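Remarks on the structure that follows.
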Amino acid sequence: MDVSQRREVTQQMYKSSGGFELALSPVLFALVGLLIDRSLGITPILTVIFAVVGLAGVSVKLYYGYKIEMEQHEASAPWAKRHD
């Protein structure tokens with residue numbers, strides 16, 4: 001496997017991690033909220049709040065990551081304006 005193939009495999013592995021982030025972040029946040037809820041002896045208010053915050057955070061991260069990637073792609077496109 002040459003260097004360019006390794007780079008492509010690494011880039012594809014990085015791009016595929018978005019699904020794991022989207023699924024695991026809210027779950028991990030909810031588990032932390034559940035632990036705090038149990039230690040305080042309250043209803044699962046913090047569990048729900050932490051899960052929503054985790055989902056919102058990962059959604060914002062994925063949105064801005066996609067936006068930056070598309071801007072870079074657009075800048076390198078053949079139709080992009082060049083400032084030479």
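FYI, the numbering just counts along the sequence from 1. For clarity, every value in this text was computed on a predicted model and none was experimentally measured.
Following chains of ILVMFWY side-chain contacts shorter than 4.5 Å, one cannot reach V58 starting from V53, and the two form parts of different hydrophobic clusters. Residues V48 and L34 fall into different hydrophobic clusters, defined by Ile, Leu, Val, Met, Phe, Trp and Tyr side chains chained together at heavy-atom separations under 4.5 Å. Cluster annotation: L28 is not connected to F20 through the hydrophobic network of ILVMFWY side chains, with a link wherever side-chain heavy atoms come within less than 4.5 Å.
Pairing each heavy atom of L55 with each of S59, the nearest pair is O-OG, 2.7 Å. The two residues G54 and P26 have their closest heavy-atom pair at C-CG, 4.2 Å.
Here the straight-line distance linking atom CG of L46 with atom CG of L35 works out to 11.0 Å at 0.5 Å rounding. Note that the CZ atom of F29 and the CD1 atom of I49 stand 13.0 Å from one another [nearest 0.5 Å]. Note: R38 CZ to T47 OG1 = 8.5 Å, rounded to the nearest 0.5 Å. The OH atom of Y66 lies 11.0 Å from the CD atom of E71; values are rounded to the nearest 0.5 Å.
Annotation: side chain of F50 is in contact with side chain of I36 (closest heavy-atom distance under 4.5 Å). Taking the side chain as every heavy atom from C-beta outward, L62 and L22 approach each other to under 4.5 Å.
The main-chain N or O of I42 is never found under 3.5 Å from a side-chain atom of D37 such that the two would form a donor-acceptor pair.
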